[in-house]
There are 2 protein chains.
Amino acid sequence: MSSRAEDTPSPRWGTGKPTINDVARLSGVSKKTVSRVINRSPLLNEDTRKRVLEVISELGYVPNPQARALALRTNFLIGLIHDNPNAQMVLNVQQGILEALQGTDFEMIVRPVDRGSAAMLDDVRHFLQRQRLYGVILLPPISENDALARLCDEAGCRYVRMGSAELDDADHMVASNDREAVRAATAYLIEQGHRSIGLIAGPHGFRSATERRQGFEDALAEARIKLPRSLIAEGNYTFASGLAAAEKLLDLSPRPTAIFASNDEMAAAVVHAARQRGVDVPGQLSVIGFDDTPISAHIWPPLTTVRWPIVSMARSAALKLLSGIGESDSEVAEPSMFLSTLVRRASVAPAPNP
Amino acid sequence: MSSRAEDTPSPRWGTGKPTINDVARLSGVSKKTVSRVINRSPLLNEDTRKRVLEVISELGYVPNPQARALALRTNFLIGLIHDNPNAQMVLNVQQGILEALQGTDFEMIVRPVDRGSAAMLDDVRHFLQRQRLYGVILLPPISENDALARLCDEAGCRYVRMGSAELDDADHMVASNDREAVRAATAYLIEQGHRSIGLIAGPHGFRSATERRQGFEDALAEARIKLPRSLIAEGNYTFASGLAAAEKLLDLSPRPTAIFASNDEMAAAVVHAARQRGVDVPGQLSVIGFDDTPISAHIWPPLTTVRWPIVSMARSAALKLLSGIGESDSEVAEPSMFLSTLVRRASVAPAPNP
DNA sequence: TTGTATGCGTTATCAT
DNA sequence: ATGATAACGCATACAA
C-alpha cells in the first residue's frame with residue numbers, strides 16, 4: 001500500500017503557508033527586517049513597519065514556531081510539572097495557566113512525574129533539555145522539592161513554584177498562606193464553643209501539611225487549649241486515609257466535638273464515617289475541610305472549608321514566567337502571596353452542651 | 001545590567017549538547033547515516049549501526065526535537081482538545097494518553113476550547129496549523145462536532161474522537177457503548193422491583209445524553225413499562241442542574257421509587273435533594289449514576305453507577321494516533337469499542353412495598 | 001549500504 | 001535603520 005521513500009514517515013503538511021520570505025519579497029525588505037517587525041524591535045522606521053505589517057495581515061502570515069524554536073533554542077511552551085494531587089486542583093491550575101497564555105504565542109504542555117521514583121530527577125532533566133521549554137510551573141507537592149528547582153535552574157529553564165508557604169524568592173514562587181488560613185478556621189471552631197477539636201493532618205514531609213498543622217496549633221495555643229496527641233491523626237490526603245483517621249478520632253472517649261481535616265477529601269471522609277456510626281453532622285460533630293473542591297459543596301451537609309485561590313495563583317505563576325515578554329509597559333510585578341478565605345457552610349454548628 | 005544584542009531575547013540554552021554532527025564525526029560516518037540509525041532505517045549495516053549507537057550513548061546524544069519538527073514539518077506532540085467536561089474525566093484522559101506516550105518521543109499538549117464560541121473552529125484551525133501537531137485527541141462533547149473532525153483532516157492533522165457511540169470510522173474513533181450499559185443498569189432497577197423510575201437526561205444535543213436516554217428507554221420497553229413524560233427531567237451534567245431535576249421528580253405524586261441520572265454529579269445531586277427532604281436513599285429511593293467518578297464512592301450512601309473505562313479508551317486513542325510509528329511488529333489494531341460495566345454499591349435497594 | 005548537497009523557516013552577526 | 005550571509009540541527013533527493 002504505502003509507497004513511502006526509504007525510511008521516513010511522509011510529511012503531511014507540505015502545503016504552502018506563507019513564510020517570512022514571502023513577506024520580505026512582497027514588502028520589498030529583507031527577512032531580517034520582517035523578523036524585526038515580528039519581534040517588535042524598537043529600532044525600526046515606522047513606515048517600513050507599517051508596510052510590513054500590512055503585507056503580513058494581507059498574506060495571513062504567521063511565524064513558524066518550530067523554526068523559531070530552532071533558531072532561538074527555546075520553545076514557546078510552558079510546562080506544567082506535577083505529581084498527582086487531586087484532579088480538581090490540577091485542572092484548576094491548567095485553567096489558570098491557560099488564561100495567562102491566552103493571546104500569546106505560548107502553549108501549555110503537561111508533564112506528570114512520579115515522586116518517589118528514583119529516576120524522577122533525571123526524567124525531568126531530560127524532559128527540560130530536550131523540549132527546551134521556555135519555563136515550567138511546579139505544582140505542590142513536587143514543587144517543594146528543592147533539588148528539582150535547582151535542576152530547572154541548571155537546565156537553564158525558568159521556573160515558578162506553587163506552594164503553601166514561601167518556598168523560594170518572589171520571582172520563583174507563588175504561595176498561599178495556609179498557616180494563617182487554618183488558624184482562622186480553627187479560631188472559628190473555638191468561637192463556636194468547641195474545646196475538643198481533632199486534627200487530621202496531611203502526610204509527613206508535605207509542606208502544606210506542616211503549615212496547616214501549625215495553623216491549627218496556633219489557634220489552640222492562642223486560646224490556651226491543650227492539644228493531646230490523641231486528637232491528632234494523620235492521613236495522606238486521600239478519602240481512604242481520611243476514613244481511617246476519622247474512625248480513630250471518633251473512637252475517642254470523650255469524642256471530639258469538631259474535626260479539622262487538612263483537605264476536603266479527608267473531610268468528606270469524616271462526614272462519611274460519622275454518618276456510618278450515626279453521629280450527626282453538624283449536631284454532634286462539626287467538620288472543616290480545606291481546598292473548596294466541588295465535592296465539599298455536594299456532600300451532605302455542605303462542608304465549611306478553606307478556599308484557596310488556586311486559579312489566580314496559577315495564572316499569576318504563568319505571568320511571572322512570561323514577564324519581560326510582552327509590551328514592556330504595564331509590567332506590574334505579579335503578586336507572590338495569596339490569601340485563603342473561610343467558606344462557611346453547614347458542617348459547623350455550636351458545640352453541643354455536654 | 002543586560003547586554004543583549006539589538007532586539008532579541010537572549011537564548012538561555014546555548015551550552016553545548018552533542019548534535020548529530022558530533023555523533024557523525026566521532027563514529028566516522030555521515031550525518032545521514034546517523035539519521036538513519038535514529039529513525040531505524042532497515043537498510044543499514046549492523047556493524048555501523050552498532051558503532052553509531054555506541055557513540056550515541058557515549059555522548060548521551062539526544063536528537064533535537066525542534067530541528068526534527070522543522071525538517072519533518074511535524075511536531076512530536078499529541079494534542080488534547082477538550083471543552084470543559086468534568087475535571088476527573090479530563091484528568092483520566094490525560095493519564096491514559098500519557099501512558100501511551102510513555103517511552104516515545106511524544107509529549108502531550110492540552111488545548112481547552114470554548115464550544116459555543118463562534119471563533120472556535122478558526123481557533124482550532126490556527127492552533128493545528130501553527131503547532132503542526134502530529135495528531136489530536138478529541139474529547140466529548142466537542143468530539144461530536146463533525147465540522148471539527150473535518151477541519152482536523154483538512155489541516156492534515158491525524159485525529160481520534162472519543163465518544164459514547166460510533167462517531168466515525170474505526171481509525172478515528174474510540175467509543176463506549178453507553179446505550180447498552182444504561183439498558184443493563186435500568187434492567188437492574190427493574191429486577192429490584194422498581195416500576196416507577198425517573199430519568200435525569202443529559203443536555204440536549206449531546207450524543208452521550210441521547211445514547212443513555214435510549215438505553216433507559218430500551219430497558220423499560222423490554223419490560224413493557226410505560227414511561228410518562230413527567231418521569232423525564234433534563235439536566236446539563238452539573239450538580240446544580242441535577243438538583244433542580246431531582247426536585248421536579250421528587251415532587252411527583254406518586255413519587256418514583258428509583259432515579260437514573262445520566263452522570264454521577266447529577267446522581268449526587270439526587271441523593272442530596274432526597275436527604276434535604278427526608279427521603280431515605282436507598283430505603284425509599286434508589287439511585288444510579290454514570291461515570292464512576294470518585295464522588296460516587298465518597299458520598300453517603302455510596303452510589304451504584306456505570307463505570308466506563310475512560311483511561312483505557314484514552315490510552316487506546318493515543319496508540320491509534322501513533323500506530324505506524326514504532327516497531328512495525330506487534331502492531332495489533334487498537335480496539336475501538338469499550339464496554340462499560342455496572343458498579344453495584346449501596347444506593348440501590350429493592351422497591352418498597354406500596 | 002553510504003555520502004553530498006540542499007532545504008526547513010527563523011534569528012544572529014556583522015556589515016553598511 | 002537595513003541587508004547579506006551564516007547559523008540552528010535534522011531530514012531528503014539523488015548520487016555513488
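Throughout, a chain's letter reflects where its sequence line sits, starting with A, and its residues are numbered from 1.
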Touch class at under 4.0 angstrom, heavy-atom based, for Val29(B) against every strand present: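 The answer is sugar-phosphate, as Val29(B) gets under 4.0 Å only of primed atoms, P, OP1 or OP2.
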Between [X] and [Y], is there a side-chain N and carboxylate O pair less than 4.0 Å apart?
| X | Y | result |
| --- | --- | --- |
| Asp146(A) | Arg161(A) | yes |
| Asp123(A) | Arg111(A) | no |
| Glu99(A) | Arg315(A) | yes |

[X] side-chain proximity, nearest of [options]:
| X | options | value |
| --- | --- | --- |
| Lys32(A) | dA12(C), dT2(D), dG7(C) | dA12(C) |
| Leu44(B) | dA13(D), dT10(C), dT2(C) | dT2(C) |
| Tyr61(A) | dG3(D), dT10(C), dG3(C) | dT10(C) |

OP1 or OP2 of [N] versus the side-chain N and O atoms of [X]: is any pair under 4.0 Å?
| X | N | result |
| --- | --- | --- |
| Ser30(B) | dG3(C) | yes |
| Thr48(B) | dT2(C) | yes |
| Asn21(B) | dC10(D) | no |
| Arg73(A) | dC8(D) | no |
| Ser35(B) | dC10(D) | no |
| Asn64(B) | dC8(D) | no |

Any N/O donor-acceptor pair, Lys31(A) side-chain to dT10(C) base, under 3.5 Å: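 Answer yes: a donor N or O sits under 3.5 Å from an acceptor.
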Starting at [atom1] of [X] and ending at [atom2] of [N], how long is that distance when rounded to a whole Å?
| X | N | atom1 | atom2 | value |
| --- | --- | --- | --- | --- |
| Arg132(B) | dT10(C) | CZ | C1' | 13 Å |
| Ile38(A) | dT11(C) | CD1 | C1' | 10 Å |
| Arg36(B) | dT1(C) | CZ | P | 10 Å |
| Leu72(B) | dT6(C) | CG | P | 21 Å |
| Arg51(B) | dT2(C) | CZ | P | 8 Å |
| Asp47(B) | dT2(C) | CG | C1' | 14 Å |
| Leu70(B) | dA7(D) | CG | P | 17 Å |
| Lys17(B) | dC10(D) | NZ | P | 11 Å |

Position toward the 5' end of DNA chain C (nearest nucleotide), Pro65(A) or Arg49(B):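 Nearest nucleotide further toward 5': that of Arg49(B).
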Stepwise salt bridge (charged side-chain N to carboxylate O under 4.0 Å, His left out) test for Arg125(A) and Asp122(A): CA-CA 5 Å; Arg125(A) 188 199 319 279; Asp122(A) 277 336; 3.6 Å; yes
Nearest-nucleotide comparison on DNA chain D, the residue closer to the 5′ end among Ala67(B) and Asn45(A):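 The residue closer to the strand's 5' end, by nearest nucleotide, is Asn45(A).
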Aromatic plane relationship, Tyr134(A) with Phe76(A) - under 30° parallel, 30 to 60° tilted, over 60° perpendicular: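 Rings of Phe76(A) and Tyr134(A): perpendicular, as their planes differ by over 60°.
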Geometric class of the Tyr159(B)/His172(B) ring pair [parallel <30°, tilted 30-60°, perpendicular >60°]: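 The arrangement is parallel - the two ring planes meet at less than 30°.
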